[in-house]
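Here is the structure we will look at, set down as structure tokens.
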Amino acid sequence: MLASKYQSLNEPTDRERAKAERREALLREATRLFALNGYAGVSLEDLGAACGISGPAVYRHFAGKQAVLIALLVDMSKDIYAGGCAATEAGGTPLEILSRLVDFHTDFSLSRPDILQVQDRDLKSLPKAELALVRKLQNSYIGLWTTELAKLHPSGSKQSHRFRAHAVFGLLNSTAHSAHSPRTKKSGLKPLLSNMALAALTSPVV
């Protein structure tokens with residue numbers, strides 16, 4: 001009985017759940033609007049209207065528009081790094097680990113192209129401290145790839161391993177600009193991208 005009482009005290013109230021849901025809705029709409037119009041082209045009034053609330057009501061969830069951008073890009077970087085860590089911690093040969101990293105990154109790129117567009121265009125709008133954090137997370141993520149590339153291509157240089165990783169990121173992240181196009185056929189896109197990425201990662205060192 002006592003355990004049940006403590007459990008109920010730790011559970012979020014209806015008001016807390018509603019607030020969390022509204023915050024998530026604001027982040028989803030911010031991602032969509034920033035991708036369409038750019039960070040500078042979206043006001044808090046625009047964001048509030050997209051969620052059915054007033055501009056000032058957004059302040060109940062975020063300190064301002066920049067705080068929304070911080071939440072989007074910092075959380076994205078944390079999510080990507082966590083996904084990369086999960087792919088590497090599963091173990092296996094360098095090729096098996098790289099294949100999982102490609103699979104994870106391809107899924108992320110295809111499922112969240114809007115946030116990739118926001119990062120590509122508006123990363124430099126972050127405050128200095130948050131920009132440094134995102135850069136640190138990105139470098140750590142790249143390090144997961146280059147560690148396995150060094151094992152796969154022991155005669156290659158650190159520079160060449162990093163170049164390969166960035167080249168694959170460019171390939172996979174380009175889907176942010178094409179995945180929504182009505183001219184892009186979605187069926188078969190993931191295996192095509194994955195095979196192209198693995199070909200770039202495994203090509204011999206010359």
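Quick note: numbers below take in every heavy atom, side chains included, and nothing from hydrogens, waters or symmetry partners.
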Please identify each residue that fulfils side-chain hydrogen bond (donor to acceptor under 3.5 Å, both in side chains) with [X], with sequence neighbours left out.
X      : value
Arg121 : none
Ser203 : Arg164
Asn195 : none
Gln119 : Gln138

Self-check item: Residues forming a salt bridge (charged side-chain N to carboxylate O under 4.0 Å, His left out) with Lys78, sequence neighbours excluded
Solution: none
Quiz item: For Asp75, which residues count as a salt bridge (charged side-chain N to carboxylate O under 4.0 Å, His left out) partner, sequence neighbours excluded?
Solution: none
Could you pull out every donor-acceptor pair under 3.5 Å between side chains of residues 42-56 and any protein atom, sequence neighbours left out?
{"from": "Ser43", "atom 1": "OG", "to": "Glu45", "atom 2": "N", "distance (Å)": "3.4"}
{"from": "Ser43", "atom 1": "OG", "to": "Asp46", "atom 2": "N", "distance (Å)": "3.0"}
{"from": "Ser43", "atom 1": "OG", "to": "Asp46", "atom 2": "OD2", "distance (Å)": "3.1"}
{"from": "Asp46", "atom 1": "OD2", "to": "Ser43", "atom 2": "N", "distance (Å)": "3.0"}
{"from": "Ser54", "atom 1": "OG", "to": "Ala57", "atom 2": "N", "distance (Å)": "3.3"}

Do [X] and [Y] have side-chain heavy atoms sitting under 4.5 Å apart?
X      : Y      : value
Leu193 : Val102 : no
Lys151 : Glu148 : yes
Leu192 : Met196 : yes
Ser125 : Leu69  : yes
Leu73  : Glu130 : no

Heavy-atom pair of closest approach, residues [X] and [Y]:
X      : Y      : result
Ala71  : Phe62  : CB-CE2, 4.1 Å
Val134 : Ser77  : CG1-OG, 3.3 Å
Ala35  : Val118 : N-CG2, 3.7 Å
Ser160 : Ser157 : OG-O, 2.7 Å
Ser99  : Leu198 : OG-CD2, 3.7 Å

Exercise. Let me see the working for Ile142 and His161 under side chain to side chain contact (heavy atoms under 4.5 Å, CB included), right down to the final yes or no.
Key: CA-CA 10 Å; Ile142 293 170; His161 302 326; over 6 Å; no
Self-check item: Whether Asn139 side chain and Arg135 backbone form a donor-acceptor pair below 3.5 Å
Solution: yes
Atom [atom1] of [X] and atom [atom2] of [Y]: how far apart are they, to the nearest 0.5 Å?
X      : Y      : atom1 : atom2 : answer
Thr31  : Ile115 : OG1   : CD1   : 4.0 Å
Arg100 : Leu144 : CZ    : CG    : 12.0 Å
Leu98  : Leu149 : CG    : CG    : 5.0 Å
Leu116 : Ser109 : CG    : OG    : 5.0 Å
Ser194 : Asp107 : OG    : CG    : 7.5 Å

Quiz prompt | Sequence neighbours excluded - ring pair (Phe, Tyr, Trp, His ring centres under 6.0 Å) pairs with any residue from residues 35-56 | solution =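 Residue pairs with at least one partner in residues 35-56: Phe34-Tyr39.
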Practice problem: Among residues two or more places apart or on two chains, list those pairs meeting ring pair (Phe, Tyr, Trp, His ring centres under 6.0 Å) that have a residue in residues 83-112. | Solution: His105-Tyr141, His105-Phe169
Exercise. Keeping to residues at least two apart or across chains, list the side chain to side chain donor-acceptor pair (under 3.5 Å) pairs with something in residues 56-66.
Key: none
Practice problem: Taking side chain to side chain contact (heavy atoms under 4.5 Å, CB included) as the test, write out the residues that go with Asp79, two or more places apart. | Solution: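 Arg112.
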Self-check item: Criterion side-chain contact (heavy atoms from CB on, under 4.5 Å) against Thr106, the qualifying member of Leu101, Val168, Leu172
Solution: Leu172
Without placing hydrogens or testing angles, list every side-chain donor-acceptor pair under 3.5 Å for residues 23-30, not counting sequence neighbours.
{"from": "Glu29", "atom 1": "OE1", "to": "Arg32", "atom 2": "NE", "distance (Å)": "3.0"}
{"from": "Glu29", "atom 1": "OE1", "to": "Arg32", "atom 2": "NH2", "distance (Å)": "2.7"}

